[in-house]
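Bear in mind that the values here come from a model prediction, so they are computed numbers and not experimental data. The chains referred to below are lettered A, B, ... by the order of the sequence lines, with proteins before strands, and numbering in each begins at 1. Computed over heavy atoms, backbone and side chain alike; hydrogens, waters and symmetry mates excluded.
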Amino acid sequence: MNVKYRLAITKGEEVRYVSHLDYMRSIERAVRRTKLPAAYSEGFNPHMKIAFASALSVGVASEAEYMDLELTHDPGADAVGEALAPQLPPGIAILRLRQIPATGQPALMAVVNLAAYRISLPLTGGDAAMEALGRFNAAAAVPYVKENPKGKKEIDVKNYVSEIAADPGPDGLKLAVEVRITPTGSIKPAEVIKVLVEKFGLPADPDAALVTRTGLFVADGASRLTPLDI
Amino acid sequence: MIKIPPAVLSRVSKPARYTGHERNSVVKNPAEVDASFALAFPDVYEVGMSHLGLKILYHIINRRPDAAAERVYAPWPDMEAEMRSAGIPLHTLESFRPVAAFDVVGFTLQYELSYTNILNMLDLAGIPLKSADRGDDHPLVIAGGPCAFNAEPLADFIDFFVLGESEEAVDDVAAAVAEWKKAGKPGGRRGFLARAAAIAGVYVPAFYDAAYNADGTLSGVAASHPAAPPVVTKRVVADLEQAPYPTKPVLPFLEIVHDRIMLELFRGCTRGCRFCQAGVLYRPVRERKPETLLRLAQELVDNTGYSEISLTSLSSADYSCLKDIVSRLIDQFKDQGVSVSLPSLRIDSFSIELAQEVQKVRKSGLTFAPEAGTQRLRDVINKGVTEKDLEEAVGAAFRAGWSGVKLYFMIGLPTETDDDIRGIAALARRVLDIYREVNGKRGARVSVSVSSFVPKPHTPFQWYGQNDMAELERKQQLLKSLFKDRSISFSWHDAHVSFLEAVFARGDRRLGEVLLAAWRLGAKFDGWSEYFKFALWQDAFRETGVDPHFYAGRERSADEVLPWDHLSAGVDKAFLEREYRQALAAAPTADCRRGDCRVCGVCQGLGVDIIDWGVSS
Ligand code: SF4
């Protein structure tokens with residue numbers, strides 16, 4: 001009987017600039033090195049049954065990534081952790097893991113609907129920054145045109161980000177941003193910074209921002225659970 | 001330790017090229033080693049990380065307690081611009097120390113069009129470009145790889161070259177560096193070069209003087225230092241069984257060009273294709289035992305977690321126990337989701353059977369290299385493949401369910417006429433017909449890829465004058481006009497690129513100034529079509545007064561001194577000359593692997609032997 005494990009893992013400084021695809025592939029290789037009984041898809045070109053939650057952009061680190069790993073039999077949670085931890089590349093660590101039902105669970109991708117980020121920004125002007133954030137928080141709507149290779153799309157940033165908390169420090173500003181992930185889309189933290197700089201005059205160089213995901217949640221009204229707690 | 005600012009990393013493409021931390025990379029404390037090497041590949045990360053030779057050297061150096069090897073690749077132009085504007089010097093991916101702080105910087109020379117990147121990397125490292133301008137505290141700049149067999153165009157820039165297989169030579173070099181440093185660097189830089197020149201396979205160009213005749217040809221490259229041998233002969237590993245193999249290769253995060261396990265079945269190839277340089281440089285054939293390969297494969301899978309094992313060699317299908325090793329590898333790893341692949345196929349039905357076994361689903365494309373369009377021309381180049389072989393192989397492929405075939409050819413081969421060009425088109429059409437015969441309907445896709453022949457040193461065609469660019473382009477257009485069927489796609493190489501390759505492949509020391517001029521004008525990444533600027537090279541030739549056609553298009557006479565005559569791959573010049581005459585007579589020469597020795601000189605001269613497990617067992 002196949003079993004499934006859900007793991008909370010990190011994407012640390014060492015792998016900050018690794019793309020989501022490369023991050024996934026490096027974990028898949030780590031699993032293969034463990035010799036754990038990973039399950040593979042049927043067919044001639046088998047794929048390891050491993051699934052990740054929301055993708056991270058290049059340059060974004062994380063303290064809260066989640067993955068589901070399917071095994072063909074159960075070596076026990078301790079054995080899974082002990083086998084995998086030493087095989088993971090530097091910067092990727094296991095925070096927690098537990099077994100979840102092997103079937104009947106919606107995909108990780110489908111359940112998470114809120115992501116929290118910490119953004120460190122070296123500032124070029126002090127008070128102007130807090131004023132810019134105040135204006136963003138007070139705005140009822142913030143129209144923004146998202147551009148990607150497929151085309152342009154106008155969105156309201158406020159549909160995804162209601163409020164941004166700021167903590168000014170000696171070497172810059174620390175922002176706490178919560179972004180809603182909806183069935184029709186979301187916004188990337190880099191785009192939020194761009195909006196703040198271009199539309200609200202935040203005095204910062206967007207390229208110099210360091211973004212770290214601090215949480216990924218299944219939010220429902222007041223309740224807020226991590227994928228490991230649902 | 002160099003720290004790249006986040007703003008830089010967020011602006012450049014693929015920043016993971018520059019951030020290191022790959023698993024299996026070896027980080028040593030520089031204070032604890034006597035000889036430190038920065039192993040440099042003069043191209044972008046994804047290309048350089050795919051190269052087996054550097055993985056081998058990295059492994060051999062790092063297993064020495066007294067030495068350390070780190071990696072460095074050419075930064076992509078966007079990163080180069082950032083580095084120059086932020087004042088970040090070229091540095092390695094392990095300790096992030098400047099390359100200039102290493103004892104040795106070692107470049108691998110895989111293709112001529114990477115030479116400007118070598119100059120650019122030295123410049124980014126803050127190391128004087130010319131050997132003569134370096135002081136005792138600059139790193140020793142060394143190079144190896146196939147292009148080192150005509151080292152002359154790089155003679156001004158490289159302190160010494162290592163010819164041939166470096167498994168043993170690199171140990172000698174590391175030991176010599178450590179010893180020289182511990183002794184307090186006696187004699188300084190030149191003192192070390194004299195020690196290096198005594199190592200077999202090492203060529204120190206500064207210890208040789210080139211002289212020229214009135215007509216511009218070479219009159220000789222003569223040793224001018226007591227430590228320098230008149231002829232430097234390549235190193236060769238007699239028995240690969242004993243040679244160290246990198247079973248713990250650095251594992252990239254980025255998807256690299258060859259992102260899989262590379263299992264080297266054997267080295268060398270004695271089929272004797274007359275255009276092929278590798279076939280001469282890596283003689284003789286030496287196979288690993290199947291048991292050894294299975295053990296290496298197991299270690300590689302355990303240490304990498306890769307899902308594919310590629311059986312690499314110059315001509316993998318020639319491995320004597322191929323069928324056996326393929327099925328045993330598939331068996332051993334099928335539960336771990338690891339597949340086996342063959343990078344090159346021979347043109348026969350045996351190869352199709354194997355291809356079927358290894359890549360059950362990927363029916364998308366099979367690649368064959370008939371190289372020439374007519375039997376006559378295939379006899380000239382000694383490509384022992386007949387039209388019947390191709391028909392059988394393609395027929396077997398179509399019966400097995402493949403529908404796409406890729407065919408590789410060359411144009412501009414010696415004795416070629418327009419009939420041979422038409423033969424390429426006819427062969428492609430024949431492949432379409434075979435599909436119809438097998439399947440009763442149309443539906444095959446044939447892609448024809450045509451490169452322009454570049455005569456290479458140490459081959460029977462080393463004397464041949466390359467077709468000029470106009471002629472190559474005329475042949476390309478002729479061929480293009482012959483492909484009317486939409487099921488055949490046709491691609492060809494830029495003739496300017498092939499011309500420049502030919503210039504540098506058979507050039508002499510006078511090209512050093514051209515290289516320098518081209519680099520100053522902005523040449524870099526010449527192997528990448530988006531960066532290759534021929535006009536700039538024309539300017540460089542004009543500026544330096546060097547005529548490129550003298551090197552590319554001129555047929556050399558048999559008695560001319562060639563710029564690589566003092567560098568030996570162990571194969572006699574007389575053998576190459578004989579082969580050239582045989583070629584012009586369209587007379588084939590059989591493979592010496594199982595047949596008679598053709599007395600090319602390698603086995604006799606270097607005291608090595610063919611190792612072929614299919615025969616001895
Ligand atoms: S010396 Fe003879 S056997 Fe050895 S590689 Fe040359 S031709 Fe072949």
Discussion item. Do A/Arg33 and B/Leu251 make a side-chain contact, defined as non-hydrogen atoms from C-beta onward lying under 4.5 Å apart?
Written reply: yes
Worksheet item: Okay, side chain of A/Arg29, backbone of B/Gly305: is any donor-acceptor separation there less than 3.5 Å?
Response: no
Worksheet item: Within a radius of less than 6.0 Å around NZ of A/Lys188, do more than 12 heavy atoms belonging to other residues, nucleotides or ligands occur?
Response: no
Discussion item. Less than 4.5 Å to any heavy atom of chain A: does that hold for the side chain of B/Asn24, its backbone, both, or neither?
Written reply: neither
Discussion item. Does any backbone or side-chain atom of A/Leu21 lie under 4.5 Å from a heavy atom of chain B? Answer side chain, backbone, both or neither.
Written reply: neither
Discussion item. Please check if the number of heavy atoms outside A/Lys194 that lie under 6.0 Å from its NZ is greater than 12.
Written reply: no
Worksheet entry | Over all atoms of both residues, closest heavy-atom pair of B/His21 and A/Pro90 | O-CG, 3.3 Å
Practice prompt. Measure the NZ-OG distance between B/Lys14 and A/Ser19 for me, rounded to the nearest 0.5 Å.
Written response: 9.0 Å
Worksheet item: Closest heavy-atom contact between A/Tyr17 and B/Ser10?
Response: CE2-N, 4.3 Å
Fill in: Interface moiety of A/Val15 toward chain B, non-hydrogen atoms closer than 4.5 Å
side chain
Worksheet item: Can you tell me if NZ on A/Lys11 sees more than 12 non-hydrogen neighbours from other groups inside 6.0 Å?
Response: yes
Practice prompt. State the CZ-CG distance between A/Arg25 and B/Leu254, to the nearest 0.5 angstrom.
Written response: 8.0 Å
Worksheet item: CE of A/Met24 to CZ of B/Phe253: how many Å apart, nearest 0.5 Å?
Response: 14.5 Å
Response to the item:
Looking only at A/Lys35, A/His47, A/Met48, A/Glu28, most heavy-atom pairs under 4.5 Å shared with chain B are made by A/Lys35
Discussion item. Return the CD to CG distance between A/Gln87 and B/Asp302, rounded to the nearest 0.5 Å.
Written reply: 9.0 Å
Response to the item:
When the 4.5 angstrom heavy-atom criterion is applied to B/Ser307 and chain A, the contacting part is both
